[in-house]
Amino acid sequence: MRFKAIAIDGPAGAGKSTVAKLLSKKIGFTYIDSGALFRAITLKVLKLGIDINDINSIIKHAENSKIDFINNSIYLDGIDVSKDIRDDIINKNVSYIAMIPEIRKIIVNIQRKIAKNKNVVVDGRDIGTTVFPDAFIKFYLTASVDERARRRYNQYSDKTKYSIEDIKNQIIHRDYIDSNRESSPLKQADDAILIDTTGKNIDEVVEEMLYNISMKGGI
Ligand code: CDP
């Protein structure tokens with residue numbers, strides 16, 4: 001039997017991880033948060049005080065890292081880092097780590113290994129183009145940059161730290177790096193279904209996905 005992958009790509013704050021989690025639950029697939037893998041390596045690099053420009057050292061430490069998903073939590077070298085990888089310092093640095101082709105290769109392999117014996121829903125930037133080019137179905141989620149910034153702002157418990165405008169600028173900056181890097185940039189795959197989530201709630205987006213899945217004959 002061949003296992004199925006469902007790819008969900010798109011820019012920061014488009015709602016990928018929320019809908020990917022819900023969709024995977026509804027259809028009984030395993031959820032893979034590929035961004036969490038890049039974030040975990042970024043956390044390790046920063047914790048060890050490695051210079052962000054020291055590519056060789058970053059690759060060496062990434063190769064020697066053990067990264068696992070257990071019940072939707074992410075473990076780095078045996079420690080649950082699900083909370084730590086969401087820190088601002090990670091948001092600011094992750095796209096630089098994600099530019100390194102060798103790091104991308106390591107992370108592609110982790111995802112393919114998980115998907116070898118499981119049906120998976122995977123969200124990220126290069127899933128439909130590079131990681132699972134023959135995915136069963138591919139979605140590309142977008143939303144206006146103002147809406148994406150608003151969603152991120154609402155996720156912050158401390159609303160005084162950043163203004164919506166600050167968050168909007170961070171998102172624009174990260175999307176620019178992600179879209180313009182040489183190694184598997186953020187890009188809609190030719191055969192991906194585009195869903196603009198502006199003004200749509202989570203359930204509406206998931207329904208739209210389920211409809212498209214059913215149009216393909218279901219899972
Ligand atoms: O949740 P959010 O959209 O903020 O980001 P994420 O999915 O956790 O991804 C964090 C960063 O990892 C992205 O901005 C990319 O730089 C990188 N990434 C990537 O290059 N390729 C992926 N498949 C997933 C994430």
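Read the numbers this way: they start at 1 and go in the same order the structure lists the ligands and their atoms.
Among protein heavy atoms, the minimum distance from atom 24 (C) of ligand 1 is reached at S34 OG, 3.3 Å. Looking only at heavy atoms of the protein, atom 10 (C) of ligand 1 is closest to R174 NH1, 3.5 Å. Atom 8 (O) of ligand 1 has as its closest protein heavy atom R39 NE, 2.6 Å. With respect to atom 16 (O) of ligand 1, the closest heavy atom belonging to the protein is D178 OD1, 2.6 Å. The protein non-hydrogen atom at the shortest distance from atom 17 (C) of ligand 1 is A98 CB, 3.7 Å. Scanning all protein heavy atoms for the shortest distance to atom 18 (N) of ligand 1 gives F38 CD1, 3.6 Å. At the shortest separation from atom 12 (O) of ligand 1 among protein heavy atoms lies V94 CG2, 3.6 Å. Nearest protein heavy-atom neighbour of atom 3 (O) of ligand 1: R125 NH2, 3.1 Å.
Listed by number with element, the atoms of ligand 1 under 4.0 Å from a non-hydrogen atom of R86 are 8 (O). Atom numbering of ligand 1 starts at 1 in the shown order; those under 4.0 Å from a heavy atom of A12 are 3 (O). Every atom of ligand 1 is numbered from 1 in the order shown, and the set under 4.0 Å from a heavy atom of G35 is 6 (P), 7 (O), 8 (O), 9 (O), 24 (C), 25 (C).
No side-chain donor-acceptor contact under 3.5 Å links D126 to the backbone of T129. At distances below 3.5 Å, at least one donor-acceptor pair connects side-chain atoms of R151 with backbone N or O atoms of A14. Panel note: side chain R150, backbone I164; no donor-acceptor pair is recorded below 3.5 Å. Distance alone, capped at 3.5 Å, places no donor-acceptor pair between the K4 side chain and the A135 backbone. With S183 contributing its side chain and M99 its backbone, the two residues share no donor-acceptor pair below 3.5 Å.
The 12-atom threshold is exceeded at CD of Q155, counting heavy atoms of other residues, nucleotides or ligands nearer than 6.0 Å. In this structure, N71 places its CG atom where only 12 or fewer heavy-atom neighbours from other residues, nucleotides or ligands lie under 6.0 Å away. Within 6.0 Å of the CD1 atom in I172, the count of heavy atoms belonging to other residues, nucleotides or ligands exceeds 12.
The closest approach between a heavy atom of H173 and any atom of ligand 1 is not below 4.0 Å. At a 4.0 Å cut-off, at least one heavy atom of K16 sits close enough to ligand 1 to count as contact. Using a 4.0 Å heavy-atom cutoff, G13 is listed among the residues neighbouring ligand 1.
Under 4.0 Å from ligand 1, the heavy atoms of R152 that appear belong solely to its side chain.
With Y153 as the aromatic partner, K159 meets the cation-pi criteria of under 6.0 angstrom to the ring centre and within 45 degrees of the ring axis. Taking the ring centre of F136 as origin, the terminal cationic atom of K216 falls inside the region bounded by 6.0 Å and 45° from the ring axis.
In this structure, the side chains of R174 and I177 stay at 4.5 Å or more apart for every pair of heavy atoms.
Residue D123 has no N or O atom closer than 3.5 Å to an N or O atom of ligand 1. Of the N or O atoms in D126, one or more lie within a sub-3.5 Å distance of an N or O in ligand 1.
Between Q170, R104, Q111, it is R104 that holds the heavy atom closest to atom 20 (O) of ligand 1.
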